[in-house]
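Labels below follow one simple rule: chain letters A, B, ... track the order of the sequence lines, proteins then strands, and each chain is numbered from 1. Worth saying up front: this structure is predicted, and the values here are computed from it rather than measured.
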Amino acid sequence: MGLKEVEAQLEAILFTIGESIELERLAQAVEHDQETTKKILHNMMDKYEDESCGIQIIELDGAYQMCTKPSLYESIIKITTIPKKHVLTEVLLETLSIVAYKQPVTKLQIESIRGVKADHAVNKLVEYNLICEVGRLDAPGKPILFGTTEEFLRCFGLQSLESLPAVNPEKVEDFKLEAEEEAEQLTLDI
Amino acid sequence: MGLKEVEAQLEAILFTIGESIELERLAQAVEHDQETTKKILHNMMDKYEDESCGIQIIELDGAYQMCTKPSLYESIIKITTIPKKHVLTEVLLETLSIVAYKQPVTKLQIESIRGVKADHAVNKLVEYNLICEVGRLDAPGKPILFGTTEEFLRCFGLQSLESLPAVNPEKVEDFKLEAEEEAEQLTLDI
Amino acid sequence: MSIPVKLEAFEGPLDLLLHLIDKNKINIYDIPIVEITDQYLEYIQNMKVKDMEVMSEFLVMAATLINIKSRMLLPVEVKEDEDEVDPRQELVDRLLEYKMFKYVSDKLRDKQDDAARVLYKPPTIPDEIADYKEEIDVEELIGDLTLTKLQEIFNSIIKRNFNKIDPIRSKFGKIEKEEINLSEIFIHIQEYGIRHKVFYFRNLLDEQTSKMGVIVTFLGILELIKQGRVKIEQEYMFDDIKITYLATSIIKMEEDGF
């Protein structure tokens, strides 16, 4: 089977399914190994970069999904209404960031960072399918551990957790240096 | 606006809508007259004829729709029939054990025992035919009561629910005592 | 100092603290604890929400601040081989961590806005394929899971639930506002006494519905005996108490009356 035909197969599959599909399943469907299938997919992704293309393929933690390019958003909403996404309040977003960067994390750990109860926020994020239970902590009471979902990656345009915005370590270092300098002058002038 | 960009717009629109859409609306969206839009569409249709393309644009009575090429039907069937890997995760196991020993039980009751939403787990277990609806609770909203299936009994070699080993009530007492002892310990520490 | 911002606007104690630090333009590593604590407490006092849950979260931080403040006021015991730890250090660390998460959540919000511009297509799987129901091999799914193991899982859930319950606090009843006003009841007894002159203790109790009401009424009578304003007689044990009201005026309960 020629390369071109495999490309056509993958395109048709991704179009029909609409949702994300794991590389493993795609490889099985086109009867190639995962390595080859991945190469073909990335080859297609390059082709879609052409400015005459309105669609693209995105990778989500080893799964692939077809979607439109962000630059065409305005043209699309001209003729169709897009279902509203969940609006994340400050509380939800802060809680979500903690889960994203600290995962797997328990509710208690989230609460100790934010200084407030997290029950409501955690439940809402689970309901929105942005975080989910990933296991239990081996500690008294076996508290639930939470992690982020694939939907989280999709909603925030992330390929994987590695592509989370980096917390600028330099910035934190700057703070620290500043503080040390001041600490030297520090007297008990409270 | 360049021709290429219009093509990208049309592609993105047809992809998102999924259904057929009249030439008139397409022309409005891309801000060109119908004649030009039609020409661009037919140009795209020619391009899609390439064998590396899995999708095509079809014309239906003055309307256009994006769909897969009929030759790729087999591949699409294949992907939908590839068996997915099913595993009983920790979450599913816990939920199943609650249903087994507390049945008949509502989703809300499961949630209050586990402390998190149970929708996903309950749906999965129903899909796996391990639990099923066994009735409705006579309470506001008439919530569904879940119990284990015959398949569940068969798999565990049980003749009926009665042969399900009951949770030892003494053990429950033990837990209570343990918890109280720990609490006393705590007060001593204070 | 007037409080321009409502406390409800803050996500929690750390949020409020960061706001104060920001507003006073002070270095997070060198927090003037006295000043910040005073301002913080002022905010709490002006809190509109009297929700215990919310309030307690803010109060925990207030206690922490006061603790740091008092530690800083105490003379530092100089030990030679020990590094002097600034009492504020832990608070600074917490604030920094919280600040960092606020910072990344802003970044995530931007990412979300960008990602929302990408649109997806609902599945368009032909009906005949969509109807295909995958056979799930339940036996394979269950694998080596045994009933004993399932029961162990259930037991651990139950045990976990007992652990979750705070055995001390779960026994606390609901805290309700004291509806009984001592001085009001005290005056009420005297009014009753003036009207009836001679009556029985039980008559007074008819109007009291709660246990606390009964106790307070009893205490009221004791106080009146002490002041020589009533005379009481009881024929035999557990018999109703006959009360004769002697005074003609009504006195107010002394502040430290009870």
_Looking at L119(C), is its backbone amide N or carbonyl O close enough to the side chain of T68(A) to form a donor-acceptor pair, meaning the two atoms are under 3.5 Å apart?_
yes
_Value rounded to 0.5 Å, distance of CD1 in I113(A) from CG in L14(C)_ = 10.0 Å
*So which of I98(A), T95(A), T89(A), V91(A) has the biggest tally of heavy-atom pairs under 4.5 Å with chain C?*
I98(A)
*Report yes if the side chains of K102(A) and F101(C) come closer than 4.5 Å at any heavy-atom pair, otherwise no.*
yes
*To the nearest 0.5 angstrom, please state how far the OG atom of S112(A) sits from the CZ atom of R94(C).*
6.5 Å
*Looking at side-chain heavy atoms only, is the closest gap between R117(C) and E74(A) below 4.5 Å?*
yes
*Distance in Å, D15(C) CG paired with R114(A) CZ, rounded so as to fall on 0.5 Å steps*: 8.0 Å
*What part of R154(A) lies closer than 4.5 angstrom to a heavy atom of chain C: side chain, backbone, both or neither?*
both
_Heavy-atom pairs under 4.5 Å with chain C - which of P165(A), A100(A), G157(A), P143(A) has more of them than the others?_
P165(A)
_Part of I17(A) lying under 4.5 Å from any heavy atom of chain C_ = both
*Answer yes or no: is there a side-chain heavy-atom contact under 4.5 Å between E19(A) and Y120(C)?*
no
*Find the distance between CG (L158(A)) and CD (Q112(C)) and round it off to the nearest 0.5 Å.*
11.0 Å
*Any side-chain heavy-atom pair from E57(C) and K117(A) closer than 4.5 angstrom?*
yes
*Which region of K69(A), side chain (C-beta onward) or backbone (N, CA, C, O), has a non-hydrogen atom less than 4.5 Å from a non-hydrogen atom of chain C, or is it both or neither?*
backbone
*In terms of heavy-atom proximity below 4.5 Å to chain C, should I55(A) be classed as side chain, backbone, both, or neither?*
neither
_Within a 6.0 Å radius of atom NE2 on H120(A), are there more than 12 heavy atoms belonging to other residues, nucleotides or ligands?_
no
*Going from CG on L108(C) to CD on E94(A), what distance comes out if it is rounded to the nearest 0.5 angstrom?*
11.5 Å
